[in-house]
Amino acid sequence: MPKQNFKVCWCWRRIFKTRVVEPPRDVENAFHLFAPNGTMSVDDLLKFLIEHQGETKATKEDAQAIFDSLKHLNIFHRRGIHLEAFFRYLLGDHNLAHPPSSQVHHDMNAPLSHYFLFTGHNSYLTGNQVSSASSVEPIKDALLRGVRVIELDLWPNSKGNDVEVLHGGTLTSPVDLQKCLQAIKENAFHASEYPVVITFEDHLNANLQKMVAKMVIDTFGDTLYRCEAENVEQFPSPESLKKKVVISTKPPKEYLEENAGEVSENEMGRRPSDLEHVPDEDEEKAVPQYRQLIAIHAGKLKGGLDNWLSDDPKKVRRLSLSEQELENATKTHGTKIVRFTQRNLLRVFPKGTRVDSSNYNPFVGWMHGAQMVAFNMQGHGKHLWIMQGMFKANGGCGYVKKPDFLLQRGPDDEVFDPNAPLDVKTVMRVKVILGEGWHQDFHHTAFDRYSPPDFYTRIGIAGVPADKDVKQTSTIEDEWLPVWEEEFEFQIRVPELAVLRIQVLEYDTTGRPDFGGQACFPVPELRSGIRNVPLFDKKGNKYKHVRLLLSISFERPYDL
């Protein structure tokens, strides 16, 4: 059996045997249940898929494909699968808890307001909100990860004769607008064919708006979605907008009528020259070319929250609120927000104090129907992992259909009340069986200089407040192949908005655990049975070998 050496000092080494992972009890029991003679045929495997894994639509061709995928293993036998080969199949890519190759399966013909959109905030920033560089690279990376809404802040350059993209009123360096538009054009539809929305935070005079209009038209051409009507009663569908770029910003008239001292929704300050600028008559003649680009009109109506959330039956629009504004609004206007978002778009963005580009709890927005919960995509952390997990749903196309309860109205025009008590709809049981792959993806001293790692797993539900729950396994000491075999139960009230969150940590005597991988998946799309989940690094990139083996089951409360 192989051994690992850990050098403590020049005269002393610690030696540990490297264990080979063996089929645990759950795997053995399942195998013998469907292979009573010690060998599993194609028919036996098909029965296992249907009865144990819940794959009711599985076919003999599916079982044969699994057989064929194992033929390269030395442990494969022509007569059928033995226990070891069965175990390797369970840990392989044919048996993922959430298959990445799943197709778009939501109805994509409803208005845009019926979907959650994978939305970025200050999409051009490489780091913090105050002093980092602006670049096209974060835009490219976001689009390739499936983000569908890109935000650009438009400012005049120092000479006032060109347009820059940067976070206004800060020390962030600018990037040329044309480069940003070109990056969007080149990367927009690699991850998804569904529309890319560009939200402009516009601080330009009419002449520069005219320049932007020409840039946008020249760059995107026929790909640009143009709306003939000034006002529309309903947004188009994602299906009708496939491979289209959609512009959303405040129409120029609304911008010119703004109070000059009002701070825009997404900046930390304005340049004095822009506050003082008063457009002359010639400049206003240039506005229509820019206005005609805008397919999704944005802006707040004058007055307070009641006016902001008013729903005009003849005109849909986009409203933006900071995370703090939304949280305050939910306390008194919860149902009005839900009613507003049934037809209109609501964008939520991080509060200004998040200068480190951190993020916030997205479920506050989602449970009130907010379609564009805008996140800083350049960092990492649990909220961004949850966001990435949420948008693994629906084939990873960047559009997730909102639950029916957020779209329905009762006989008296009542809508879902996010503040009302909720009943448990689903009981989810997850057994953390084992983990493997760290010894292949990490150096043997990556976690501890003097011994193999001490892994434990935190597993829980991220969702509406009543569903939030986290459990933790015991710590397995000095082991690259930890076997936990610990089961946990989660009572879920809104499974449609629930995300299974997993994080593996390595116990450290300093009290600050080392990171061993994470994964987040949409609960409605998880497959039951014995399944494996690949783990990802802090930025959301999948490790090559690291994964967990879980047992997952779902029950309704009255089945217990």
Side-chain angles (χ1 to χ4, degrees), residues 23-109 191-193 239 389 391-397 399-401 426 428-431 433-434 436 495-496 500 519 521-534 542 547-556 559:
R25 285 172 293 181
D26 292 78
V27 173
E28 285 191 31
N29 293 340
F31 177 79
H32 291 301
L33 184 63
F34 293 91
N37 297 320
T39 303
M40 185 177 282
S41 66
V42 173
D43 290 334
D44 294 331
L45 179 57
L46 178 59
K47 190 176 180 182
F48 166 77
L49 294 176
I50 295 172
E51 296 182 11
H52 193 280
Q53 303 291 84
E55 298 181 36
T56 54
K57 295 182 180 179
T59 64
K60 192 166 184 177
E61 288 72 25
D62 296 327
Q64 186 63 56
I66 294 171
F67 252 63
D68 295 341
S69 73
L70 299 171
K71 286 183 177 178
H72 70 283
L73 299 176
N74 294 330
I75 52 179
F76 180 81
H77 292 262
R78 290 180 179 272
R79 291 175 296 173
I81 298 177
H82 285 202
L83 175 60
E84 186 62 29
F86 176 71
F87 182 37
R88 295 321 304 175
Y89 146 65
L90 292 177
L91 284 167
D93 289 342
H94 279 81
N95 186 48
L96 297 174
H98 185 264
S101 59
S102 60
Q103 301 298 310
V104 173
H105 55 275
H106 293 180
D107 173 16
M108 302 301 285
N109 291 295
S192 170
E193 293 185 336
E239 191 67 31
F391 284 98
K392 287 185 173 81
N394 198 27
C397 74
Y399 286 78
V400 173
K401 187 78 157 53
T426 301
M428 180 181 184
R429 288 192 175 89
V430 182
K431 188 172 189 178
I433 300 175
L434 56 79
E436 70 157 10
E496 300 93 335
L500 178 68
F521 300 100
V523 166
E525 293 192 3
L526 287 173
R527 301 196 293 178
S528 61
I530 301 175
R531 303 289 182 178
N532 78 77
V533 293
K542 188 171 74 170
R547 60 188 60 212
L548 298 181
L549 190 65
L550 309 178
S551 178
I552 302 171
S553 66
F554 297 93
E555 294 174 331
R556 296 185 179 183
D559 292 335

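By the 4.5 Å heavy-atom criterion applied to side chains, Val533 and Leu550 are counted as neighbours. Residues Thr39 and Ile81 have side chains not in contact (no heavy-atom distance under 4.5 Å, counting atoms from C-beta outward). You'll find the side chain of Leu90 stays beyond 4.5 Å of the side chain of Asn532, heavy atoms only. Counting only heavy atoms from C-beta outward, the side chains of Met428 and Val430 approach each other to under 4.5 Å. No side-chain heavy atom of His106 sits less than 4.5 Å from a side-chain heavy atom of Tyr399. By the 4.5 Å heavy-atom criterion applied to side chains, Thr426 and Val523 are not counted as neighbours. Here the side chains of Leu70 and Phe86 are not in contact, with every heavy-atom distance at 4.5 Å or above.
Once rounded to the nearest 0.5 Å, the distance linking CD of Glu51 with CG of Leu46 reads 9.0 Å. A distance of 8.0 Å separates CG of Leu96 from CZ of Phe521, quoted to the nearest 0.5 Å. The CG atom of Leu549 sits 10.5 Å away from atom CZ of Arg531, with the distance rounded to the nearest 0.5 Å. The structure places CZ of Arg527 at 4.5 Å from CD of Glu55, a figure rounded to the nearest 0.5 Å. If you take NZ on Lys60 and CG on Leu49, they are separated by 13.0 Å, rounding to the nearest 0.5 Å. Taken from CD1 in Ile50 to NE2 in His52, the straight-line distance is 14.0 Å, to the nearest 0.5 Å.
Of all heavy-atom pairs between Phe87 and Pro24, the closest is CE1-CD, 3.7 Å. Residues Phe67 and Met40 approach most closely at CZ-O, 3.2 Å, considering heavy atoms. Nearest heavy-atom pair across Ala65 and His94 is O-NE2, 4.2 Å. Considering all non-hydrogen atoms of both residues, Pro522 and Gly389 come closest at CD-O, 3.1 Å.
Here the side chain of Ser192 pairs a donor or acceptor atom with the backbone of Cys397 at under 3.5 angstrom. A side-chain donor-acceptor contact under 3.5 Å links Asn29 to the backbone of Arg25. Of the possible polar contacts, none joining the Asn95 side chain to the Gly92 backbone as a donor-acceptor pair under 3.5 Å is found. Between the side chain of His105 and the main chain of Gln103, a donor-acceptor pair closer than 3.5 Å is present. Not one N or O on the side chain of Asp44 forms a donor-acceptor pair closer than 3.5 Å with the backbone of Ala35. With hydrogens and angles ignored, the 3.5 Å screen pairs a side-chain donor or acceptor of Gln53 with a backbone N or O of Ile530.
Counting only N and O atoms by type, the side chains of Asn394 and Glu525 include no donor and acceptor under 3.5 Å apart.
Salt bridge Glu436/Arg547: absent, no basic N to carboxylate O contact under 4.0 Å. Salt-bridge check for Lys401 with Asp107: failed, with every basic side-chain N at 4.0 Å or more from each acidic carboxylate O.
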Take Glu28 and Leu83 through the test side chain to side chain contact (heavy atoms under 4.5 Å, CB included) and record every step on the way to the result.
CA-CA 7 Å; Glu28 285 191 31; Leu83 175 60; 3.8 Å; yes
Please walk me through it: do Leu526 and Leu500 pass side chain to side chain contact (heavy atoms under 4.5 Å, CB included)?
CA-CA 9 Å; Leu526 287 173; Leu500 178 68; 3.7 Å; yes
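Within a 6.0 Å sphere centred on NZ of Lys47, other residues, nucleotides and ligands contribute 12 heavy atoms or fewer.
In this structure Phe34 satisfies the ring pair (Phe, Tyr, Trp, His ring centres under 6.0 Å) test together with Phe48, sequence neighbours excluded.
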